[in-house]
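A quick note: this is a predicted structure, and the numbers were derived from the prediction, not measured. We count ligands from 1, going down the list as the structure has it; atoms in each ligand are counted the same way.
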Amino acid sequence: MNELKCLLWDVDGTIADTERDGHRVAFNLAFEEAGLERRWNEATYGELLKVAGGKERIRFDIKRGDMPEMTDDYIATLHARKTKLYQQLITEGHIPLRPGVKRLLEAAYDADITAGVVTTTTPAALDVLIAHALGRDWFDKFAMLAAGDIVPAKKPAPDIYLYAMERLGVVAGETLALEDSGNGWQAARAAGLKCVVTVNGYTRNQDFSGADLVVSGFGEPEGKPVEVLANPHNLTDLYCVKLSHLRQITGA
Ligand code: XBP
Ligand code: MG
């Protein structure tokens, strides 16, 4: 029986619904500023989300012939501008945290459970989300922020999870991953971790077979009940996801 010692948090889609109204909008603004005709509508962006990483996503769209050829340097400049535009959107307060995120983060912090961030997004995009949506105190409360190109192979590769566990000195049995997407779940699984998946509109129909809990969100005690999509550990009282549920999963 393992005790829960560490929670590893994905960011985009898990902590906040940043993709459709944040990253996607920022990509399109950057394309427009650069004089590119391409726009990623909601459905196209949903397809492109199978490619983790913004620069990688642009490269994929070029390769399949939907954007003109560009050098890696040009992609890096375009992506840097996209990050700035994304930061503006977050600073303007357009993207709130998903329900239950702050509650779970705080409950775990109060219980001395280590919290780390494992995200594919660029560090500058992560920092602004922490500062504006979560609160600056979380720069200290997170024991580690692992983001973007810190590992060469992005999710679904397990690398960022393996990196995080090594940095934090924790092992898979005492660590739980919190993810929203197939890529994230596969990365966590490949690192040997148990995983709770909190789906969103883009990821709801993805394959999460084998995940330890799949819910429509973490929810709040005073909000609407969460929808439970898979509950292999037969957890009870799942009106909203509580720290006690996460402990039961690790102990199972
Ligand atoms: C997030 C991503 C990121 C963002 C865009 O995946 O794939 O690429 O969409 O961020 P995850 P950047 O939630 O699994 O970490 O443009 O900064 O790469
Ligand atoms: Mg995600």
With a sphere of 6.0 Å drawn around [atom1] of [X], does it hold more than 12 non-hydrogen atoms of other residues, nucleotides or ligands?
X    : atom1 : value
E37  : CD    : no
E166 : CD    : no
R136 : CZ    : no

Which residue and non-hydrogen atom of the protein lie closest to [atom], and at what distance in Å?
atom                    : value
atom 10 (O) of ligand 1 : T121 OG1, 2.9 Å
atom 17 (O) of ligand 1 : T122 OG1, 2.6 Å
atom 1 (C) of ligand 1  : D12 OD2, 3.3 Å

At a 4.0 Å cut-off, with the gap strictly under it, does some heavy atom of [X] reach an atom of ligand 1?
X    : result
Y45  : yes
E56  : no
R57  : yes
T119 : yes
G13  : no

Can any side-chain N or O of [X] pair as donor or acceptor with the backbone N or O of [Y] at less than 3.5 Å?
X    : Y    : answer
R103 : G219 : yes
K155 : I160 : no
T122 : A124 : no

Under 3.5 Å: N/O of [X] near N/O of ligand 1:
X    : value
D10  : yes
H79  : yes
G53  : yes
E19  : yes
K82  : yes
G54  : yes
T120 : yes

Taking NZ, NE, NH1 and NH2 as the nitrogens, is one of them in E33 or K84 under 4.0 Å from a carboxylate oxygen of the other?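 Result for this pair is no, no salt bridge flagged.
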Carboxylate-amine/guanidinium contact D149 K55, below 4.0 Å: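 Yes.
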So, is D12 placed with an N/O/S atom under 2.8 Å from the Mg ion (ligand 2), counting both backbone and side chain?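 D12 does place an N, O or S atom closer than 2.8 Å to the Mg ion (ligand 2).
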Is there a donor-acceptor contact under 3.5 Å linking the side chains of T71 and D73?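 Judged by distance alone, the side chains do not pair up.
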Which atom, counting only N, O or S, brings D10 closest to the Mg ion (ligand 2)?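 Of all N, O or S atoms belonging to D10, OD2 is the one nearest the Mg ion (ligand 2).
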Name, closest N/O/S atom of D180 to the Mg ion (ligand 2):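 The Mg ion (ligand 2) is closest to the D180 atom OD1, counting only N, O or S.
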Qualifying residue, where the test is side-chain hydrogen bond (donor to acceptor under 3.5 Å, both in side chains) with Y45 and the options are R57, R39, R20: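 Testing each of R57, R39, R20 against Y45, the sole residue satisfying side-chain hydrogen bond (donor to acceptor under 3.5 Å, both in side chains) is R57.
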Residue among H245, H233, K194 satisfying side-chain hydrogen bond (donor to acceptor under 3.5 Å, both in side chains) with D212: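 When H245, H233, K194 are each tested with D212, the side-chain hydrogen bond (donor to acceptor under 3.5 Å, both in side chains) holds only for H233.
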Can you see which heavy atom on L178 is nearest to which on T14, and at what distance?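 Taking every non-hydrogen atom into account, O-CG2, 3.7 Å.
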Mark up the atoms of ligand 1 that fall under 4.0 Å of a heavy atom belonging to F27, in ascending order.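 Counting from 1, the qualifying ligand atoms are 16 (O).
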